[in-house]
Amino acid sequence: MVRRETNPLIYLFSFCIIFIGFCYSQTDTIEQGQQLKHGMQLFSASGIFRLGFFQLGSSSKSNLSYLGIWYNNNGHNEKPVWIANRNNPIPDESGTLRIHQNGNLMISHKAGHPIITLYSVQSPINATATLLDSGNFVLRSDDITEPLWQSFDYPTDTLLPKMKLGFDKRRGINRTLTSWRTDDFPALGSFTLAVDHSIGSDQNQMIMWWRGSKYWTSGPWREESEGCFDSFKGEFCDHYKYKFSYVSNEEETYFNYSVSKEITIFPRLSLTPNGEIEGYGMNAMFTQVSCLSSSSSSSSSSSPLRFGCVELKLPSCRNRFDMDNSNKFVSKLGAMSQTGFKFNEKDNLTILDCWDICLQNCSCVAYASTNDDIGTGCEIWSKDSSFTNSNLVGFREIRLLQSTVDMWWIWVTGLTGGTATFPLLISSLYIVLRKCKAKRNRQRMEQDLLLQELGKAWQLWSEGRGVELVDSSLAKYKLNEVLIGIHIGLLCVQERPEDRPTMPDVVSMIYIF
């Protein structure tokens, strides 16, 4: 048997190919004429950051693609610290980043539109784009010292060390942080963090805006406090040694910060969709500012998380009762009796915006997102609307004013008679059960009969024929009350006990009706 010897040069050649391929996949730079496609990534020189296309969440918008930058090797669920096209997502996985032959830095995809131009040159140049170990993505020209364009000038919701928050007066750039709209939707949200530029301000503090209204202030930056703000004492400055700097001159006014790598290797300051300010410690995120954390409780007003928060102004109608209960909303699955007022999708409202709108409107008793899967859009209901509770698939999550539910439940516990509420409930159940038993063979098992007839009753109800369930012996009745009773009765005899409303739920439904 002939034994074949393998030429060692083949192994050497194969090793070189693998090594070259590996090095190429770990590059930090895209050259003119090259393309970075979906699935490919750039890695900063020391591997601290990576850049590439990604998709988010499991909602109807999960097919949308974005170009972003992350900390590398910090888990698969690591959130991007910067996004190039937060308001212009790509509809599929065909996104491509490239430097055009004339030097333009752009994102394109197979559908052609929109083509997102990150930087446009006045005349053709030779350019390269590099992801730095600072997390800054920089476009440079061979014959110009300063960057042509850099991601640090266009922050999203996160401030990294050395990134500036503030004004570049010479170039006309105002660097601010703007929250994501929701946790799974990175489009511009409702909160903005910026350097205070109000008239009469000395500008040495940060300010957070909620849709144009002042929401939180950091307090003045104090150099004597090792470069910190009063509101950041604790986690940021004391525990994790974030050191903030303030610069103001003729050309620029800004804040930035630095962190010792011995304390944390993934530092960041992030603005959440709920208006919270978070940072990263040794191995986890921490919350430093949270103005809505127990915001209705007077006992928590001195909480460190609420330092600098602007007091929420409410109309007098929301101040009549104890703040802990009257202005809270209870989330339940179900449906309202009529369509509420829907705000324009172009208003870009979040569920938190919807809460505030409802709270400021004295006639509003309920609100919900119009896009349940991502929590955006807003619909509100007034007091003339009623709510039906249901855990069935397809019903919406609706937030009901707590005071409405609580006041009624208190009233029920003090009943001495003279109300038709419980007779209505019992009569409703009786109507459903009697109708179910009247037309079936009594020889069948009672359980099978009940299930079959209940199934038919649900079918009639879902087809809008619930009136056919009313017993003919009832000569006079109010149709609306009877239909409400039938629906509640059907909910109470659902097959799975966990799907049935509790007695407090039943009582609250009857009251709301």
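Everything numeric in this text was worked out from a predicted model, so none of it was measured.
Within 6.0 Å of CD in Gln338 there are more than 12 heavy atoms belonging to other residues, nucleotides or ligands.
Contact detail for Thr156 and Trp82: the closest heavy-atom pair is OG1-CA, 3.5 Å. A pairwise comparison of heavy atoms in Arg268 and Tyr257 identifies CA-OH, 3.1 Å as the closest pair.
Side-chain rings of Tyr119 and Trp149 stay apart, their centers remaining 6.0 Å or farther from each other. In this structure, Trp381 has its ring center no closer than 6.0 Å to that of Phe387. Annotation: Phe244 is not in aromatic contact with Phe255 [ring centroid separation under 6.0 Å not met]. In this structure, the ring of Phe286 has its center less than 6.0 angstrom from the ring center of Phe236.
The residues Arg86 and Asp157 are annotated as not salt-bridged, no charged nitrogen and carboxylate oxygen being separated by less than 4.0 angstrom.
When Val289, Thr272, Leu269 are each tested for a side chain to side chain contact (heavy atoms under 4.5 Å, CB included) with Glu278, only one passes: Thr272.
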Requested in this report: Might you work through the side-chain contact (heavy atoms from CB on, under 4.5 Å) test for Phe232 and Ile277, ending with a clear yes or no?
Outcome: CA-CA 10 Å; Phe232 281 178; Ile277 295 179; 4.3 Å; yes

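Using a 4.5 Å heavy-atom threshold, the side chains of Lys164 and Phe152 count as separate.
Of the N and O atoms on the side chains of Ser290 and Glu276, at least one donor lies less than 3.5 Å from an acceptor on the other residue.
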